[in-house]
Amino acid sequence: MTLQVFNRMTRQKEEFKPLTEGQVKMYVCGPTVYDHAHIGHAKTYVSFDVINRYLRYSGYRVRYVQNITDVGHLLDTGEDRILKKAGALSLEPMEIVETYTRSYFEDMDALGVRRPNISPRASGHVPEQIKMAQALIEAGYAYATDEGDVYFDVHSWPEYGKLSGQRLEELEGGARVEVAEGKRHPADFALWRHAEPEHLMKWDSPWGVGFPGWHIECSAMATKYLGETFDIHGGGLENRFPHNECEIAQAEALSGKPFANYWLLTGSLTVDGVKMSKSLGNFITVKDAIKTYRPEAIRLFILSSHYSNPVDFSEAALVSAQKGWERLMGAVQLTRYALRDAPEGDAGSGFQVAIDEHRQQFIEAMDDDFNAPQALGVLQNFTREVNTLLNSGEEVGRETLEAIDAVYRELGGDVLGIVPDEISEAGVDAARQDGLIQLLIEMRAQARSEKNFALSDLIRDRLADLGVILEDRPDGTVYKLQ
RNA sequence: GGCGACGUCGCCAAGUGGUAAGGCAGGAGUCUGCAAAACUCCCAUCACCGGUUCGAUCCCGGUCGUCGCCUCCA
């Protein structure tokens with residue numbers, strides 16, 4: 001079976017065929033860097049991270065471009081988000097941009113999100129945006145006003161609204177926005193805005209001093225790095241209208257070609273049933289979430305529902321995800337313990353059938369529009385079988401153990417990013433810590449053999465207080481770090 | 001009002017025209033010095049009402065409800 005994806009543009013599941021055999025060009029709308037990222041961002045970017053990872057696992061070469069919006073994204077008051085923040089903190093706008101860009105990558109790194117191949121900034125691509133606006137004017141799709149603003153003329157582009165199913169007539173009726181001076185139609189959107197003298201981020205242009213509109217950066221940068229047509233355009237569903245719609249209009253009006261072949265949009269994250277967003281103030285930052293939960297558990301929580309569905313955040317859901325993750329990791333750890341002094345040879349090779357089966361099921365799930373929740377189910381079923389095997393008392397040879405470990409590393413690690421390569425605490429002397437714990441385990445074993453259970457339980461309890469959990473197995477005692 | 005989704009076990013969440021994965025929680029066991037972990041067993045007819053069909057949770061229509069977008073948001 002080949003990869004199928006649900007294309008929001010055509011509203012159906014389609015076979016994925018990249019423009020160039022073996023290569024995928026993907027663009028995902030990135031964040032506006034005026035505040036710390038929240039877990040709503042995490043949902044979108046972890047989702048696309050897994051899509052990126054799975055495409056690579058499937059053998060594709062991927063060029064993944066995700067922009068950083070650092071100019072032009074206005075509040076409904078007309079203020080630039082970044083300028084507003086800069087003014088409030090008496091900082092240069094670019095200090096704000098730098099601070100939150102770093103913060104964003106810090107958070108995504110912590111969540112195990114692989115960095116895009118290119119993270120272009122809007123402010124670094126102003127010439128490209130001006131050029132595109134100019135071309136749109138020349139082609140008759142945009143017009144400049146006396147004030148020095150440039151607007152896209154939505155009526156000149158009959159396909160405007162095709163992604164979201166919006167019709168211009170309906171928009172007119174529902175328009176609550178104050179119509180800017182000089183617009184021919186309320187739905188016309190800005191490609192370029194003139195800057196007032198006190199405005200800090202501004203550039204020269206054929207229409208005077210100003211700054212680019214929000215939507216045009218994505219069209220300009222996606223086209224620059226991926227070409228006039230590329231394979232996948234991603235982002236959050238809430239940006240479908242007007243942002244994605246405007247991107248399409250700008251790019252396709254100029255090129256006459258499809259902007260992107262497949263539109264993959266993620267469902268929003270809600271908190272107590274309400275969308276988490278900066279403007280509502282009900283957001284939980286990634287930095288806060290990581291203080292309480294393992295990054296892998298946060299990933300598992302996000303991957304527990306399909307990327308295109310909305311997901312409701314709750315403490316209970318996170319706890320449940322973390323427990324589920326611990327169950328998986330129990331088997332991973334058991335496998336790696338067994339591997340330490342595994343007998344050579346292919347004992348237990350009958351298990352290879354189960355390995356192949358589950359690997360196949362996992363691939364089938366992911367091939368079906370990146371169905372991570374189902375793939376996780378496969379991994380959990382696999383885990384039950386692994387636990388049964390490793391607790392059976394039968395000899396399991398190195399070959400089989402390595403094959404099991406490979407499943408966890410490749411599917412759980414490389415693809416889903418929830419199984420770390422090494423189970424150890426960062427920043428501590430792992431070897432010394434391990435030695436000390438082993439010493440205590442030996443002392444406790446001695447106490448147990450003398451039936452001194454008071455002492456053996458004391459050792460276990462005191463270690464548990466330190467976050468070291470001991471588990472007695474027929475073949476000895478193992479430990480887990482909490 | 002318009003556009004787009006969704007409504008599956010206590011919670012989260014996959015899925016299929018032929019009586020429904022998985023995780024969490026819960027109950028009963030096995031194992032254990034006791035635990036923990038693990039394993040076994042138990043735990044849902046899929047919002048409601050019509051229709052199509054031999055048969056629908058999955059297809060169509062309607063009702064109710066929830067959410068997103070239409071205004072900044074990933």
Side-chain angles (χ1 to χ4, degrees), chain A residues 8 11 28-32 34-35 37-45 47-48 66 73-77 79 81 161 163-167 169-178 187 214 234-243 245 265-270 273-280 283 300-301 304-306 308-312 314 316-328 330-331 333-334 361 365 368 371-381 383-388 390-392 448 451 453 456-457 460-461 464 469-474 477-478 480:
Chain A
R8 278 280 167 185
R11 290 171 197 125
V28 173
C29 289
T32 301
Y34 69 105
D35 206 342
H38 55 62
I39 60 175
H41 294 104
K43 168 166 161 50
T44 297
Y45 300 122
S47 296
F48 281 104
Q66 184 192 108
H73 200 162
L74 305 185
L75 291 159
D76 49 10
T77 56
E79 295 169 282
R81 297 163 171 279
L163 178 68
S164 58
Q166 299 286 340
R167 292 193 303 275
E169 313 83 74
E170 299 295 344
L171 291 175
E172 264 181 285
R176 284 195 281 134
V177 211
E178 217 175 297
W214 173 39
L237 184 61
E238 70 283 341
N239 271 338
R240 186 173 46 159
F241 189 91
H243 181 65
E245 208 69 76
L265 302 177
T266 57
S268 298
L269 184 140
T270 56
V274 180
K275 191 178 73 164
M276 177 183 297
S277 71
K278 291 171 183 174
S279 53
L280 291 176
F283 62 92
L300 193 144
F301 161 70
S304 289
S305 63
H306 189 84
S308 64
N309 286 346
V311 65
D312 194 48
S314 68
L318 255 297
V319 169
S320 167
Q322 178 132 327
K323 293 261 179 68
W325 178 76
E326 283 167 7
R327 178 182 140 74
L328 274 179
Q333 201 158 17
L334 199 53
Q361 285 171 11
D368 186 9
N371 195 332
Q374 193 165 58
L376 277 170
V378 172
L379 226 44
Q380 290 287 8
N381 285 335
T383 292
R384 190 189 326 106
E385 303 218 16
V386 170
N387 278 323
T388 300
L390 298 184
N391 288 317
S392 67
R448 289 178 74 206
K451 304 251 187 270
F453 296 123
S456 71
D457 288 352
R460 184 169 63 192
D461 292 345
I469 309 301
L470 300 190
E471 290 174 13
D472 296 325
R473 297 177 50 76
T477 299
V478 297
K480 285 180 186 169

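Just so it is clear: chains get the letters A, B, ... in the order the sequence lines come, proteins before strands, and each one is counted from 1. Heavy-atom basis, side chains included; hydrogens, waters and symmetry copies ignored.
- Between Asn309(A) and A13(B) there is no side-chain N or O to OP1 or OP2 distance below 4.0 Å.
- Separating the NZ atom of Lys451(A) from the P atom of U32(B) is a distance of 12 Å, rounded to the nearest angstrom.
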**Message:** Walk me through whether Glu385(A) and Thr388(A) qualify under side-chain contact (heavy atoms from CB on, under 4.5 Å).
**Reply:** CA-CA 5 Å; Glu385(A) 303 218 16; Thr388(A) 300; 5.6 Å; no
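- A 4.5 Å side-chain heavy-atom check between Leu265(A) and Arg240(A) finds at least one atom pair inside the cut-off.
- Between Glu471(A) and Asn239(A), the residue whose closest nucleotide on RNA chain B is further toward the 5' end is Glu471(A).
- Between A20(B) and C43(B), the two P atoms lie 11 Å apart (nearest whole Å).
- Only the P atoms considered, G62(B) is 49 Å distant from A28(B), to the nearest whole Å.
- Of all nucleotides listed (G15(B), C67(B), A37(B)), G15(B) comes nearest to the side chain of Asn371(A).
- When the P atom is used for both C60(B) and A25(B), the distance is 38 Å, rounded to whole Å.
- Rounded to an integer number of Å, the gap from Arg11(A) CZ to A5(B) P is 6 Å.
- G1(B) and C70(B) make up a base pair, with Watson-Crick or G-U wobble contacts both under 3.5 Å.
- The separation of U8(B) from U66(B), taken at their P atoms, amounts to 14 Å, rounded to a whole angstrom.
- Protein atom CG of Asp368(A) is 12 Å distant from nucleotide atom P of A14(B), rounded to whole Å.
- Across all strands, Arg384(A) comes closer than 4.0 Å only to sugar-phosphate atoms, never to a base (heavy-atom distances).
- Looking at Pro31(A) and Gln66(A), their side chains come closer than 4.5 Å, going by heavy atoms from C-beta outward.
- The partner of A28(B) is U40(B), by the rule that a Watson-Crick or G-U pair needs both atom distances under 3.5 Å.
- How far SG of Cys29(A) is from CZ of Phe48(A): 9.0 Å, rounded to the nearest 0.5 Å.
- Among C70(B), A14(B), G23(B), the nucleotide with an atom closest to any side-chain atom of Ser305(A) is A14(B).
- Between the side chain of Asp457(A) and the base of G33(B), at least one donor-acceptor pair of N or O atoms lies under 3.5 Å.
- Looking at heavy atoms from C-beta onward, Arg327(A) lies in side-chain contact with Arg384(A) at the 4.5 angstrom threshold.
- Across all strands shown, Gly30(A) has heavy atoms under 4.0 Å from sugar-phosphate atoms exclusively, and none from any base.
- Rounded to whole Å, the distance from CG on Asp312(A) to P on U66(B) is 14 Å.
- Phosphate proximity of A25(B) to Arg327(A): absent, as no side-chain N or O sits under 4.0 Å from OP1 or OP2.
- With a cut-off of 3.5 Å on both Watson-Crick or G-U wobble distances, the partner of G65(B) is given as C6(B).
- Among the protein residues, Asp472(A) comes within range of the nucleic acid bases, having at least one heavy atom under 4.0 Å from a base atom.
- At whole-Å resolution of the value, CD in Gln166(A) and P in G1(B) are 15 Å apart.
- The 5' end of RNA chain B is approached more closely, in terms of each residue's nearest nucleotide, by Arg8(A) than by the other of Pro310(A) and Arg8(A).
- Considering only side-chain atoms of Arg240(A), the nucleotide from G23(B), A74(B), G4(B) that sits closest is G4(B).
- For the pair Asn391(A) CG and A36(B) P, the interatomic distance rounds to 15 Å; values are reported in whole Å.
- Straight-line distance between the C1' atoms of G15(B) and U52(B): roughly 23 Å, to the nearest whole Å.
- When heavy atoms are screened at a 4.0 angstrom cut-off, His306(A) is found touching the sugar-phosphate backbone but no base atom.
- For the pair Phe241(A) CZ and G2(B) P, the interatomic distance rounds to 16 Å; values are reported in whole Å.
- Comparing C48(B) with C6(B), their C1' atoms sit 16 Å apart, to the nearest whole Å.
- One N or O on the side chain of Thr266(A) and one on the backbone of Gly235(A) form a donor-acceptor pair closer than 3.5 Å.
- G10(B) sits 29 Å from G18(B) when the C1' atoms are compared, rounded to a whole Å.
- For Ser392(A) and C39(B), the shortest distance from a side-chain N or O to OP1 or OP2 is not below 4.0 Å.
- Going from atom CD1 of Ile469(A) over to atom C1' of A38(B) covers 16 Å, rounded to whole Å.
- Residue-nucleotide stacking is not present for Tyr45(A) and A74(B), judged by a side-chain ring centre under 5.5 Å from the six-membered base ring centre and planes under 30° apart.
- Nucleotides C46(B) and A56(B) place their P atoms 12 Å apart, quoted to the nearest Å.
- His38(A) and His41(A) have tilted rings, their planes meeting at an angle from 30° to 60° on a 0 to 90° scale.
- When atom types are taken as modelled, the side chain of Glu238(A) and the backbone of Ser268(A) share no donor-acceptor pair closer than 3.5 angstrom.
- With a 3.5 Å ceiling on both atom-pair distances, U57(B) lacks any Watson-Crick or G-U wobble partner.
- Residue Gln380(A) is classed as a sugar-phosphate contact, given heavy-atom separations below 4.0 Å to backbone atoms only.
- Within 4.0 Å of Leu470(A), counting heavy atoms only, lies at least one base atom of the nucleic acid.
- Residue Gly165(A) is classed as a sugar-phosphate contact, given heavy-atom separations below 4.0 Å to backbone atoms only.
- Within 4.0 Å (heavy atoms only), Ser456(A) reaches at least one base atom of the nucleic acid.
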**Message:** As a quick check of understanding, evaluate side-chain contact (heavy atoms from CB on, under 4.5 Å) for Val478(A) and Leu334(A), giving each step before the final call.
**Reply:** CA-CA 9 Å; Val478(A) 297; Leu334(A) 199 53; 5.7 Å; no
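- Within the 4.0 angstrom heavy-atom criterion, no nucleotide atom of any strand lies near Thr266(A).
- The base of C34(B) is paired with the side chain of Arg460(A) by a donor and an acceptor separated by under 3.5 Å.
- Taking 4.0 angstrom as the limit, Lys323(A) places a side-chain polar atom (N or O) nearer than this to OP1 or OP2 of A25(B).
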